[in-house]
2 protein chains.
Amino acid sequence: MSRHSTEETLLTPSEVAALFRVDPKTVTRWAKAGKLSAIRTLGGHRRYRESEVRRLLDVPQQRAV
Amino acid sequence: MSRHSTEETLLTPSEVAALFRVDPKTVTRWAKAGKLSAIRTLGGHRRYRESEVRRLLDVPQQRAV
DNA sequence: AATCATTCGGGTAATTCGGGGG
DNA sequence: GCTGTCCGAATTACCCGAATGA
């Protein structure tokens with residue numbers, strides 16, 4: 001359908017943190033480390049793709065070489 | 001096509017807000033801050049250019065420098 | 001004309017950012 | 001190496017009543 005990655009449902013840092021049961025700051029570190037892609041608001045806040053988060057949640061132990 | 005030189009799809013504040021996963025009020029602040037150009041209805045409501053919004057969304061990682 | 005959702009405005013909480021240190 | 005916490009500053013979210021849009 002859409003080639004745009006922007007047509008994606010986005011999650012806030014706290015929402016992702018709640019799903020993983022970690023601190024929102026930890027999610028930020030994942031984004032900085034490139035383990036999780038982030039879209040920025042015009043104010044610099046991060047938003048995360050729900051599909052990507054769910055995929056990571058579903059895969060028990062995925063190791064990024 | 002169109003008889004207009006620049007046929008542009010306009011988005012409402014809530015539509016833009018949904019794409020960025022922010023509050024519509026936040027989009028208004030972006031417009032006030034000049035981060036996003038806005039077209040005004042005759043009643044004063046803002047409309048945003050879809051192409052501009054998509055361009056901003058597709059920016060992978062914008063750094064706050 | 002009248003309804004209903006949205007978008008004005010402003011003002012005030014809550015969240016997030018970044019860096020740094022445990 | 002990874003995570004949780006402290007700090008100040010910036011950004012965003014929710015509150016209201018009134019006006020606009022459809």
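Chain letters run A, B, ... following the sequence lines, proteins first and then strands; every chain starts at 1. These figures come from a predicted structure and were not determined experimentally.
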**Message:** Any heavy-atom pair between the side chains of A:Lys25 and A:Pro13 that's under 4.5 Å?
**Reply:** no

**Prompt:** Do B:Arg49 and B:Thr9 have side-chain heavy atoms sitting under 4.5 Å apart?
**Reply:** no

**Request:** Would you mind telling me which residue lines up with the more 5' stretch of DNA chain D, A:Arg21 or A:Arg47, judged by nearest nucleotide?
**Result:** A:Arg21

**Item:** Per-nucleotide pairing state of DNA chain C [Watson-Crick or G-U, under 3.5 Å; [ ] pseudoknot-crossing; | other strand]
**Value:** ..|||||||||||||||||...

For the side chain of [X], starting at C-beta, report the closest nucleotide among [options].
X	options	answer
A:Thr28	D:dT12, D:dT3, C:dC17	C:dC17
A:Ser14	D:dT12, C:dT16, C:dT7	C:dT16
B:His45	D:dA13, D:dG21, C:dT15	D:dG21
B:Asp23	D:dT11, D:dC14, D:dT20	D:dC14

Separation of atom [atom1] in [X] from atom [atom2] in [N], rounded to whole Å:
X	N	atom1	atom2	value
A:Lys32	C:dT16	NZ	P	15 Å
A:Glu15	C:dA14	CD	C1'	14 Å
B:Phe20	D:dA13	CZ	C1'	17 Å

Counting only side-chain nitrogens and oxygens, does [X] get under 4.0 Å of the OP1 or OP2 atom of [N]?
X	N	result
A:Trp30	D:dT3	yes
B:Thr12	C:dT7	yes
A:Arg46	C:dC17	yes

**Message:** With nearest nucleotide decided by heavy atoms, which residue, A:Arg29 or A:Pro13, maps closer to the 5′ end of DNA chain C?
**Reply:** A:Pro13

**Request:** Could you identify which residues of residues 36-44 of chain B place a heavy atom less than 4.0 Å from some atom of DNA chain C, listed by residue number, or say none?
**Result:** B:Arg40, B:Gly44

**Request:** Mark yes or no for whether A:Glu52, through its side chain, and A:Ser37, through its backbone, hold a donor-acceptor pair below 3.5 Å.
**Result:** yes

Which value, rounded to the nearest 0.5 Å, describes the distance between [X] atom [atom1] and [Y] atom [atom2]?
X	Y	atom1	atom2	result
B:Tyr48	B:Ile39	OH	CD1	11.0 Å
A:Phe20	A:Thr26	CZ	OG1	11.0 Å
B:Leu19	B:Leu57	CG	CG	5.5 Å
B:Arg46	B:Thr41	CZ	OG1	10.0 Å

**Message:** Once salt bridge (Lys or Arg N to Asp or Glu O under 4.0 Å) is applied, do any residues pair with A:Glu50, and if so which ones, sequence neighbours excluded?
**Reply:** A:Arg54

**Item:** Side-chain donor/acceptor contact of A:Lys25 with base of C:dG19 under 3.5 Å
**Value:** yes

**Request:** Kindly determine whether B:Arg21 and A:Glu15 satisfy salt bridge (Lys or Arg N to Asp or Glu O under 4.0 Å), including the steps that lead there.
**Result:** CA-CA 12 Å; B:Arg21 188 51 164 94; A:Glu15 287 171 341; 2.5 Å; yes

